[in-house]
Amino acid sequence: MSFSQKILKWYSEHKRELPWRSTNDPYKIWLSEIMLQQTRVAQGTPYYHKFLKAFATVYDLANAEEEQVLKLWQGLGYYSRARNLHATAKIVVEEYKGKFPTTYRELKSLKGVGDYTASAIASICFNEPEPVVDGNVYRVLARYFGVDLPINSTKGIKYFKELAREVMDANNIRDYNQGIMEFGAIQCAPKKPYCLLCPLNNSCVALQENKVSALPVKLNKTKVKNRFFNYLVFQDDTGKTMLEQRKGRGIWQNLYQFPLLESERILDKSEIKALIKHQKGIPKHNSTLLYNEQPIVHKLSHQHLYTKFWILNTEDALKDGVSWENISSFPVPVLIADFIKTYKI
DNA sequence: AAGGCGGGGAC
DNA sequence: GTCCCAGCCTT
């Protein structure tokens, strides 16, 4: 039996019932694929249901406000996915009359749809024989064929895509692509795969050469940057606070937060008061209270955010204030959502 | 070619 | 703590 036949057989015996496995509707497949980029099935699944409930069709998504899309996406991370999702929905409605394009090449031109996602949609929805290469496929191919090219190098990316094309089953691409990914996720897992009862164990190079734990090879150590956030939580007598929308190119683009003063290190109360003094447009306030003595460390994959929340009471009613009842309608980062949750108690 | 971009679960 | 998840985009 060939490699692809063994994958297909394993898949037929072990496939999970997942919500997007019961449809070939490109809208639903596209939605699931965007959500599952760098995201585990268990984390993405509730969002998939939420989105389909809110936006039954691509028209509903295209007609929504970006703020509503971001609000539903809140907590899933990589928010450019949500912004691109919304932009692509508009493109599909306006330029494709609401019908998704049906080829790999056209799909890949959509915002947020790269090589992997275009291959996934083209193969699953339209049976186009294009191999998917995601993190699971890299692992399966690197181990089975004993390839030690780094999976995140230019040469490696090209090599694995070509290898994937050579070994795929073009006649069963829909099941084969999902099968090899499922095989990587369940059987050929990153740590401690159970090679003893693997259907490929008599021909797996990595297993024969005792290199299973060493493959795949991945370069690149993401260095973590430390940042120091001081959030100013205003409170006026009418029970309102202030929010601002993050603009520019960094993290959490277009999400909301309390007014932020970033510093080069952790600040104490006298230092933050001095810093506020030199800022323009800070409302007058008569008290400055530190909410959390120990900075909250919010960890992103590439940044550690040491965060202090300062409670500032104002005498005058805040201009453009947001009531604490309405605050939950704004899309906010998990760091802010967690604060709001504990602060209200 | 390299770096930015989230959050969470498994170990 | 480390690794990595149905990756993509910008520079």
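Here the structure is a predicted model, which is why all the values come from computation and not from measurement. Here is the naming used below: chain letters follow the sequence lines, and residue numbers restart at 1 for every chain.
- Cluster partners of A:Leu261 are A:Leu232, A:Phe234, A:Met242, A:Leu267, A:Ile272, A:Leu275, A:Ile276, A:Ile282, A:Leu290, A:Trp310, A:Leu312, A:Leu318, counting Ile, Leu, Val, Met, Phe, Trp and Tyr whose side-chain heavy atoms approach within less than 4.5 Å, directly or via other members.
- The gap from the C1' atom of C:dT10 to that of B:dG7 amounts to 22 Å, rounded to the nearest Å.
- Atom CG of A:Asn254 and atom P of B:dG6 are 11 Å apart (whole Å).
- At C:dG1, one or more side-chain N or O atoms of A:Lys299 fall inside 4.0 Å of OP1 or OP2 (strictly under the cut-off).
- Between A:Trp73 and B:dC5, a side-chain N or O to OP1/OP2 separation shorter than 4.0 Å is absent.
- A distance of 10.0 Å separates CG in A:Leu335 from CZ in A:Phe258, rounded to the nearest 0.5 Å.
- Atom P of nucleotide B:dG7 and atom CD1 of A:Ile251 are separated by 8 Å, given to the nearest angstrom.
- A cation-pi arrangement is present between A:Lys50 and A:Tyr47 under the rule of less than 6.0 angstrom and at most 45 degrees off the ring axis.
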Scan nucleotides 5-11 of chain C nucleotide by nucleotide, 5' to 3', and note B when protein non-hydrogen atoms come under 4.0 Å of the base, S if they reach only the sugar-phosphate, - if neither. BBBSSSS

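- Residues A:Glu182 and A:Arg21 are paired through a salt bridge, judged by an N-O separation under 4.0 Å between the basic side chain and the carboxylate.
- When rounded to the nearest whole Å, the span between CG of A:Leu76 and P of B:dG7 equals 10 Å.
- Nucleotide B:dG4 holds its C1' atom 14 Å from the CH2 atom of A:Trp252, rounded to whole Å.
- A:Gly250 comes within 4.0 angstrom of sugar-phosphate atoms only, judged by non-hydrogen atoms across all strands, and of no base.
- In this structure, A:Gly44 reaches neither bases nor backbone, as no heavy-atom distance under 4.0 Å exists between it and the strands shown.
- Hydrophobic side-chain contacts under 4.5 Å tie A:Val205 to no other Ile, Leu, Val, Met, Phe, Trp or Tyr residue.
- At B:dG7, one or more side-chain N or O atoms of A:His298 fall inside 4.0 Å of OP1 or OP2 (strictly under the cut-off).
- Summarising the geometry, the separation between CG on A:Leu335 and C1' on B:dG8 is reported as 15 Å, rounded to the nearest angstrom.
- Residues A:Gly75 and A:Leu219 both approach DNA chain B. Their nearest nucleotides, taken by heavy-atom distance, put A:Leu219 toward the 5′ side.
- Mapped onto DNA chain B by nearest heavy atom, A:Gln303 and A:Lys192 fall at different nucleotides, with A:Gln303 at the one closer to the 5' end.
- One C1' atom belongs to C:dC3, the other to B:dG6, and the distance between them is 15 Å to the nearest Å.
- Between A:Tyr79 atom OH and B:dC5 atom P the separation is 14 Å, expressed in whole Å.
- Atom-to-atom distance recorded for A:Leu36:CG and A:Arg81:CZ is 8.5 Å, nearest 0.5 angstrom.
- Straight-line distance between the C1' atoms of C:dC4 and B:dC5: roughly 15 Å, to the nearest whole Å.
- By the 30° and 60° cut-offs, the orientation of the rings of A:Phe229 relative to A:Trp252 is perpendicular.
- The distance between atom NE2 of A:His302 and atom C1' of B:dG7, rounded to the nearest whole Å, is 12 Å.
- The separation of B:dG8 from C:dC9, taken at their C1' atoms, amounts to 23 Å, rounded to a whole angstrom.
- Under the side chain to side chain donor-acceptor pair (under 3.5 Å) test applied with A:Asn254, the options A:Glu67, A:Arg246, A:Glu66 reduce to a single match, A:Glu66.
- Atom NE2 of A:His304 and atom P of B:dG6 are 14 Å apart (whole Å).
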